[in-house]
A.B. asks: 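Below are the structure tokens for one structure; questions will follow.
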There are 2 protein chains.
Amino acid sequence: MGKDTGEEKLVRKTKIPETTIARLSSYLRVLDELGRMGFDNTASYQLAEELDINDSQVRKDLSLFGQFGKPGMGYETTKLKREIQKILGLTRKWKVALIGVGNLGSALLAYKGFKRQGFYIVAVFDNDPKKIGKKWAGIVIHDITQLKPIIRKERTEIGIITVPAPAAQEVANLLTKAGIKAILNFAPARISVPKDVRLSNVDLSLKLENLSFFLSRRGR
Amino acid sequence: MGKDTGEEKLVRKTKIPETTIARLSSYLRVLDELGRMGFDNTASYQLAEELDINDSQVRKDLSLFGQFGKPGMGYETTKLKREIQKILGLTRKWKVALIGVGNLGSALLAYKGFKRQGFYIVAVFDNDPKKIGKKWAGIVIHDITQLKPIIRKERTEIGIITVPAPAAQEVANLLTKAGIKAILNFAPARISVPKDVRLSNVDLSLKLENLSFFLSRRGR
DNA sequence: AAGAGTTTGTGAAATTTTTCACAAAGTTAG
DNA sequence: CTAACTTTGTGAAAAATTTCACAAACTCTT
């Protein structure tokens, strides 16, 4: 298959494109669906068709991590799903802290999808005395001043910021001081973190603006 | 400046990369901030630094749409902001419908950021009799069966789907039948739409999975 | 008004990402 | 077992995107 250069395949040696990581998540969604539909096997062209991409893109993405298919047969859905989960680090539980129990924070707390992928919100914080001590989705809302000790004790690894924009940087500082190494920021504010901390921003308006761009140039 | 080939510059002729569109939104955020901080002028290197990208990337992005700067001076923040808004189609109001007033739907209804960018949620729908007729964030929740007439009457152009996954495709069908040309889907389900309808998916878990990927291979 | 100093806009080069195309490896039918 | 199919995995080609590098254009100082 292909050319055998006689060299040892060095998995994980090459740099992985960000786009590949995003697509791996998408493959997972499709595999889930195919699994539910009773497919035991699938093929690159099937995954590709579902996601409206090229089938060799699928194979190339996977080839960056190993060989998971059988020529002539394709992939076992269950096995491939498991392999992708391994790649993405989803075979373990991740403990997540959420800061800011406003509308969006509450919605994310109630969101089932996180737990399904192994992300458990184990600590919740706010600075509003009216909220502190209350329970939401089964979790007590703690005082933001207790962030560091609680996060340390719970060994929380990921922080989700859902506070108003002006408070976002301050919360990010608290999180990094508490030893958090990955932050997902929903606040419409750009924040900076030490370079050993991975920051990911979710800008809810961004996709709407993208739609706006395409709507306003339709038929041009 | 550069070479003058004597040819007419054909703005909007070339294909615009998706990544450029996303960055334009980011430039807007930075310009907002710089404006608030009292900067009347800025330069490509300043915008680039804020976003951790290359400064020629900024200039190249903008050059796809025209010439907005002055050599030696940079860009007027207000003017550039306005130009980018024009490019993205944000100088007008967009009427938006939201379907599904659950946790996430409610959060998005209350989210201020949309209105700030010109996206007005003018129609809200649900299928729960307990919710229909109630008001949320000042807007009456309509019966989903009334979607088409109301959307037609209000001349709504964008639809936001925040219903549970199993209902997403059905809602998308209703929207397209009502003439909607752009859909933002928050439901964790892949849906299909006619090709003249622009579909954008927001997968809330996706970014967490990306963080997971990087966390689990730290120091590898 | 001339010279020093900036910063744009943009071809061209470099890099990255996607797609092509096909040998190898497997399956299935007879 | 063999022949006809199918699909993987992957070099190589193609395409897309980013970065470089610099002439041109503008400002500011003296």
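In what follows, every chain begins at residue 1, and chains take the letters A, B, ... in the order their sequences are listed. No experiment lies behind these values; they were computed from the predicted model shown.
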A.B. asks: With heavy-atom distances below 4.5 Å as the criterion, would you say the side chains of B/I16 and A/R217 are in contact?
C.D. replies: yes
A.B. asks: Whole-Å distance between D/dT8 P and A/L62 CG?
C.D. replies: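 Interatomic distance, CG of A/L62 to P of D/dT8: 9 Å.
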A.B. asks: For A/R92, I'd like to know if atom CZ has over 12 heavy atoms of other residues, nucleotides or ligands within 6.0 Å.
C.D. replies: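 Yes, the 6.0 Å shell around CZ holds more than 12 heavy atoms from other groups.
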A.B. asks: Please determine if a side-chain N or O atom of A/Y75 lies less than 4.0 Å away from the OP1 or OP2 oxygen of D/dG9.
C.D. replies: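 Indeed, a polar side-chain atom of A/Y75 lies that close.
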A.B. asks: Taking atom CZ of A/R82 as the centre, report whether more than 12 heavy atoms of other residues, nucleotides or ligands fall under 6.0 Å from it.
C.D. replies: no
A.B. asks: In residues 79-86 of chain A, what residues come within less than 4.0 Å of DNA chain D, judged by heavy atoms?
C.D. replies: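 None, since no heavy atom is under 4.0 Å.
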A.B. asks: Take atom CG of B/D196 as the centre, draw a 6.0 Å sphere, and report whether it contains more than 12 heavy atoms from other residues, nucleotides or ligands.
C.D. replies: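 Yes, enclosed.
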A.B. asks: Do the non-hydrogen side-chain atoms of A/S205 and B/Y111 ever get within less than 4.5 Å of each other?
C.D. replies: yes
A.B. asks: Between D/dC26 atom C1' and B/K70 atom NZ, what is the distance in whole Å?
C.D. replies: 8 Å
A.B. asks: State whether A/Y120 and A/K95 meet the cation-pi test: NZ (Lys) or CZ (Arg) under 6.0 Å from the six-membered ring centroid, and within 45° of the perpendicular axis.
C.D. replies: no
A.B. asks: Nearest whole angstrom, please: distance from the P of C/dG9 to the CE of B/M73.
C.D. replies: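 Whole-Å distance recorded here is 13 Å.
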A.B. asks: Please report, rounded to the nearest Å, how far the C1' atom of C/dC22 is from the CG atom of A/D55.
C.D. replies: 13 Å
A.B. asks: From CD of A/E76 over to C1' of D/dT7, roughly how many Å is that when rounded to an integer?
C.D. replies: 15 Å
A.B. asks: Write down the protein N/O and nucleotide N/O pairs, taken from nucleotides 16-18 of chain D, whose separation is under 3.5 Å; answer none if there are no such pairs.
C.D. replies:
unit_1: D/dT18; atom_1: OP1; unit_2: B/R23; atom_2: NH1; d: 3.0
unit_1: D/dT18; atom_1: OP2; unit_2: B/R23; atom_2: NH2; d: 2.8
unit_1: D/dT18; atom_1: OP2; unit_2: B/Q57; atom_2: NE2; d: 3.4
unit_1: D/dT18; atom_1: O5'; unit_2: B/Q57; atom_2: OE1; d: 3.0

A.B. asks: Round to the nearest Å and state the distance from A/F68 atom CZ to D/dT8 atom P.
C.D. replies: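 Taking atom P of D/dT8 as the reference, CZ of A/F68 is at 14 Å.
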A.B. asks: Cut-off 3.5 Å, side chains only: do B/S25 and A/E209 have a donor facing an acceptor?
C.D. replies: yes
A.B. asks: Which residues in residues 43-52 of chain A have at least one heavy atom lying under 4.0 Å from any atom of DNA chain D?
C.D. replies: A/A43, A/S44, A/Y45
A.B. asks: Above 12 or not: heavy atoms from other molecules or residues under 6.0 Å from CD of B/E170?
C.D. replies: no
A.B. asks: Contact between A/V96 and A/F114 at the side-chain level, heavy atoms closer than 4.5 Å - yes or no?
C.D. replies: no
A.B. asks: Taking all non-hydrogen atoms of both residues, which atom of A/I180 and which atom of A/G159 are closest, and how far apart?
C.D. replies: CG2-N, 3.9 Å
A.B. asks: Set out, in order, the CA-CA distance, both residues' side-chain angles and the distance that settles salt bridge (charged side-chain N to carboxylate O under 4.0 Å, His left out) for B/E18 and B/R198, then state yes or no.
C.D. replies: CA-CA 13 Å; B/E18 287 278 320; B/R198 179 103 189 162; 2.8 Å; yes
A.B. asks: It should be established whether A/R59 places a side-chain nitrogen or oxygen under 4.0 Å from OP1 or OP2 of nucleotide D/dG9.
C.D. replies: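 For D/dG9, OP1/OP2 do not have a side-chain N/O of A/R59 under 4.0 Å.
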A.B. asks: Starting from P on D/dT8, measure out to CD on A/Q67 and report it in whole angstrom.
C.D. replies: 12 Å
